[in-house]
There are 2 protein chains.
Amino acid sequence: MGASKTDSFTEKQNELAILAKALGHPARIAIIEYLLKVDACICGDIVNELPLAQPTISQHLKELKNAGLIKGNFEGTSICYCIDELGFEKIKGFFQDITKYLEKRKNNCC
Amino acid sequence: MGASKTDSFTEKQNELAILAKALGHPARIAIIEYLLKVDACICGDIVNELPLAQPTISQHLKELKNAGLIKGNFEGTSICYCIDELGFEKIKGFFQDITKYLEKRKNNCC
DNA sequence: TTAATTAATCGTAATATTGCAATATAAAAA
DNA sequence: TTTTTATATTGCAATATTACGATTAATTAA
């Protein structure tokens, strides 16, 4: 095989997996961290910031955008990429559930 | 290529990416959700719970364990898998940074 | 118009992931 | 010991990801 059995899981599970997967690469973590740092961005900056070729970064940006973690708009001469709150809101709920569980958990079997 | 340029990124970026990547599959999200629900687990339960073959689930459990998101100990006849707080603590910090940023962000260029 | 700049897309090689049947391992039960 | 039960490992086919050179597309500057 090689393809995930997407149909076998809930829409929410797939959605979360897509978001997590998009963050599952150090270059994409670096891009998000950079966007947080500069609080606005044009793609050229990222190309200078990261040790990857321009097409590779463009591809990573596309994946982050498809997952809903960043937004990109034309801003004069180049493209402005920013954090997309919506995507992060979705992940937040998942981690809040886990945090809540960890705080009150009693069964410490492992 | 095909391999990530791990060496080009910080240790923290790689660590976060590994954690996120481990969550980047619906089956592994389902496993985590199930562990949260039952608050303790033996692998057999998961095999019955998910629409995947036993070797496939074993593999997903291994990946979650390697990433530090779950722990597994022998519990009599079978193995008890639980949430590993440490891994989730690490991700938590990252999302707290993002949440903090999103709350006070002003530059809404996109 | 032509040249320069910026970013996306195409094509492709190297590598990783997903899923499972078959098999192996290890412990408990008979 | 033999059988059963529970989980891990191996091997492999199908598919996905990563990275980048070459190219394209679109805009700005000259």
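Each chain gets a letter, A, B and so on, in the order its sequence line appears, and its residues count up from 1.
- Considering only the side chain of S4(A), dG19(C) comes nearest among dT7(D), dA16(D), dG19(C).
- Taking atom NE2 of H60(B) as the reference point, atom P of dC20(C) lies 9 Å away to the nearest angstrom.
- Rounded to a whole Å, the CG atom of N66(B) is 14 Å from the C1' atom of dT17(C).
- K21(B) comes within contact range of the sugar-phosphate backbone alone, with a heavy-atom separation under 4.0 Å but no base atom that close.
- To the nearest 0.5 angstrom, I83(B) atom CD1 is 4.5 Å from F88(B) atom CZ.
- Contact annotation for L52(B): backbone-only contact, meaning every heavy-atom pair under 4.0 Å involves sugar-phosphate atoms and none involves a base.
- Here the P atom of nucleotide dT6(C) and the CD1 atom of I57(A) are 14 Å apart, to the nearest Å.
- For the pair T56(B) and dC20(C), the criterion of a side-chain N or O lying under 4.0 Å from OP1 or OP2 is met.
- Using a 4.5 Å heavy-atom threshold, the side chains of V38(B) and D45(B) count as separate.
- In this structure, N48(B) places its CG atom 9 Å from P of dA6(D), rounding to the nearest Å.
- From K12(A), atom NZ reaches atom CZ of F94(A) across 9.0 Å, with rounding to the nearest 0.5 Å.
- For the pair I18(A) CD1 and dT18(C) P, the interatomic distance rounds to 13 Å; values are reported in whole Å.
- Candidate nucleotides dG21(D), dT18(C), dA8(C) were compared by shortest atom distance to the side chain of Q54(A), and dA8(C) ranks first.
- The CG atom of L23(B) sits 17 Å away from the C1' atom of dT18(C) (whole-angstrom rounding).
- Using a 4.5 Å cut-off between side-chain heavy atoms of Ile, Leu, Val, Met, Phe, Trp and Tyr, with links allowed through other members, I18(A) and I18(B) fall into different hydrophobic clusters.
- Projected onto DNA chain D by closest heavy-atom contact, F9(B) and S58(B) fall at different nucleotides, the more 5' of which corresponds to S58(B).
- If you take CD1 of I79(B) and P of dA26(C), they are 12 Å apart, rounded to a whole angstrom.
- Atom C1' of nucleotide dT7(D) and atom OH of Y81(B) are separated by 8 Å, given to the nearest angstrom.
- Positionally, the nearest nucleotide of DNA chain C for T6(A) lies more toward the 5' end than for the other of P55(B) and T6(A).
- Residue-to-nucleotide proximity on DNA chain C shows that, of K62(A) and G24(B), the 5′-proximal contact is made by K62(A).
- Classified by interplanar angle (parallel below 30°, tilted 30° to 60°, perpendicular above 60°), the ring pair H25(A)/H60(A) is tilted.
- Residue Q59(B) is in base contact, counting any heavy-atom pair closer than 4.0 Å across all strands shown.
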